[in-house]
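Worksheet for the structure shown next.
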Number of protein chains: 2
Amino acid sequence: MENTIKVERAILNLTQDDLAKKIGVSRQTINSIEANRYVPSTVLALKLSALFGKPVNDFFKLTKDD
Amino acid sequence: MENTIKVERAILNLTQDDLAKKIGVSRQTINSIEANRYVPSTVLALKLSALFGKPVNDFFKLTKDD
DNA sequence: TTTAAATGTAAAGTATATTTGACATATAGG
DNA sequence: CCTATATGTCAAATATACTTTACATTTAAA
C-alpha cells in the first residue's frame, strides 16, 4: 500500500505532530505511516479522510505487493 | 466505526467464506468485522473497495465512539 | 423432520499496529 | 555560529488484528 499523506499534510500546512494531535495518535505513528513502515487501521484512515475532506481512496492505494 | 459489508456482500451474492477467499482473509475475519468485533486494516478496506467497486467511505463510517 | 450450508462465536496463538521515550539529523532564522 | 522546530528512526512495551481449530445455532431445501 502507498499513501500521499505527506502531500495532504502540506496542503493543510500541518507538521507531523500537528496532524497526530488532530487525529489522536502519536507523532511516530504519522511518521511511520508516511514512511510505509506499517498499515494503519481503517478508523485512522477515516479520521484522515474527515480531516482532509477527501475519500480514503484518494490518499491510500493498493500496490502490487498487497 | 460501523459498516455495511453484509449489504455489499448480499448485492454480490457472496457468503462470508466466498468473500474471505476473494480478499485473502479467514471467514472469521469477515464475520468479526461484520459483527464489529474489531477494526480491519486499511489494506483490507481497500481490497473490499476494489471488490465492491465503491470507495471505502461508502461502506465504512466513523461513529461517535471513534 | 433430517441434512447440508451458512453463520455466530470462543479460545489460543502469531503478527503487527501503536505508544512512549530517547536520540540523531536536518533546516531555517536570529 | 547558535537555537528552536521538524523529521527520521530505534527499542521495548502494550494493544489489537488475524489465523486456526472447534463447536453451536440458524436456515433453506429435500
Side-chain angles (χ1 to χ4, degrees):
Chain A
M1 200 184 59
E2 59 188 9
N3 72 80
T4 56
I5 293 175
K6 195 170 189 167
V7 175
E8 299 300 333
R9 194 163 59 74
I11 292 172
L12 296 183
N13 196 33
L14 297 174
T15 68
Q16 293 182 341
D17 197 48
D18 290 338
L19 177 56
K21 279 171 180 142
K22 277 181 182 287
I23 67 175
V25 293
S26 71
R27 178 182 70 81
Q28 288 83 342
T29 293
I30 298 299
N31 186 287
S32 295
I33 293 169
E34 288 190 3
N36 290 305
R37 255 192 300 278
Y38 61 68
V39 172
S41 73
T42 300
V43 165
L44 205 159
L46 289 176
K47 286 182 178 175
L48 291 173
S49 173
L51 185 63
F52 296 159
K54 297 180 178 177
V56 170
N57 299 66
D58 274 23
F59 50 93
F60 279 118
K61 310 266 188 193
L62 291 176
T63 49
K64 276 187 278 272
D65 55 301
D66 290 317
Chain B
M1 199 184 59
E2 61 189 9
N3 71 81
T4 56
I5 293 176
K6 195 169 191 166
V7 175
E8 300 300 333
R9 194 163 57 75
I11 293 173
L12 295 184
N13 195 34
L14 297 174
T15 68
Q16 291 182 344
D17 198 47
D18 290 338
L19 177 55
K21 280 169 181 144
K22 277 180 182 286
I23 67 173
V25 294
S26 71
R27 178 182 69 83
Q28 287 80 347
T29 293
I30 298 300
N31 187 288
S32 296
I33 293 169
E34 286 188 6
N36 290 305
R37 255 193 300 279
Y38 61 67
V39 172
S41 72
T42 299
V43 164
L44 205 160
L46 290 177
K47 285 181 178 175
L48 291 173
S49 172
L51 186 63
F52 296 159
K54 296 180 179 178
V56 171
N57 298 66
D58 274 22
F59 50 93
F60 280 118
K61 310 265 188 195
L62 290 177
T63 50
K64 275 188 277 275
D65 55 301
D66 290 317

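Per chain, numbering begins at 1; letters A, B, ... match sequence-line order.
No continuous path of hydrophobic side-chain contacts links A/L62 to A/V7 [ILVMFWY only; heavy atoms under 4.5 Å].
Distances shown here put every side-chain N or O of B/R27 at or beyond 4.0 Å from the OP1 or OP2 atom of D/dT21. At the phosphate of D/dG8, OP1 or OP2 sits under 4.0 Å from a side-chain N or O atom of A/K6. Checking the phosphate oxygens (OP1, OP2) of D/dT7, a side-chain nitrogen or oxygen of A/R9 falls inside 4.0 Å.
Taking every side-chain heavy atom of B/Q16 into account, C/dG8 is the closest of D/dT7, C/dA17, C/dG8. The B/E34 side chain lies nearest to C/dG8 when the options are C/dG8, D/dC18, C/dA22. Distances were taken from every side-chain heavy atom of A/N31 (C-beta onward) to each of D/dC18, C/dG8, D/dT9; the shortest belongs to D/dT9. Listed nucleotides C/dT19, C/dA6, D/dA22 differ in distance to A/Y38; the shortest reach to its side chain belongs to C/dT19. Side-chain proximity of A/T29 to the nucleotides C/dT7, C/dT18, C/dC23 is greatest for C/dT18.
Rounded to a whole Å, the CG atom of B/L48 is 10 Å from the P atom of D/dC18. Atom CZ of B/R37 is separated from atom C1' of D/dC18 by 13 Å (rounded to the nearest Å). Counting to the nearest Å, the C1' atom of C/dA6 and the CD1 atom of B/I30 are 14 Å from each other. When the P atom of D/dT5 is taken as reference, atom CG of A/L19 falls 19 Å away, rounded to whole Å. If you measure from atom CG of A/L44 to atom P of C/dT16, you get 18 Å, rounded to the nearest angstrom. B/D66 places its CG atom 13 Å from the P atom of C/dT18, with the value rounded to the nearest Å. Counting to the nearest Å, the C1' atom of D/dC18 and the NZ atom of B/K21 are 17 Å from each other. As rounded to whole Å, 14 Å separates atom P of D/dT21 from atom CG of B/D17.
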task: Under the side chain to side chain contact (heavy atoms under 4.5 Å, CB included) rule, what do B/N3 and B/F60 come out as? Steps first, then yes or no, please.
output: CA-CA 5 Å; B/N3 71 81; B/F60 280 118; 3.5 Å; yes
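Of the charged side-chain nitrogens involved, none lies within less than 4.0 Å of a carboxylate oxygen, so that B/D18 and B/K22 do not count as a salt-bridged pair.
At the heavy-atom level, B/S26 lies under 4.0 Å from base atoms of the strands shown. Contacts of A/S41 with the nucleic acid, taken as non-hydrogen atoms under 4.0 Å apart, involve only primed sugar atoms and P, OP1 or OP2. The residue A/T15 sits close only to the backbone: its heavy atoms come under 4.0 Å of sugar-phosphate atoms, none of a base.
At least one donor-acceptor pair closer than 3.5 Å links the side chain of B/R9 to the backbone N or O of B/L14.
Under the 4.5 Å side-chain criterion, counting only non-hydrogen atoms from C-beta, B/L51 is in contact with B/L12.
Residues B/D18 and B/Q28 each lie close to DNA chain C; by heavy-atom proximity, the contact nearer the 5' end of the strand is made by B/D18.
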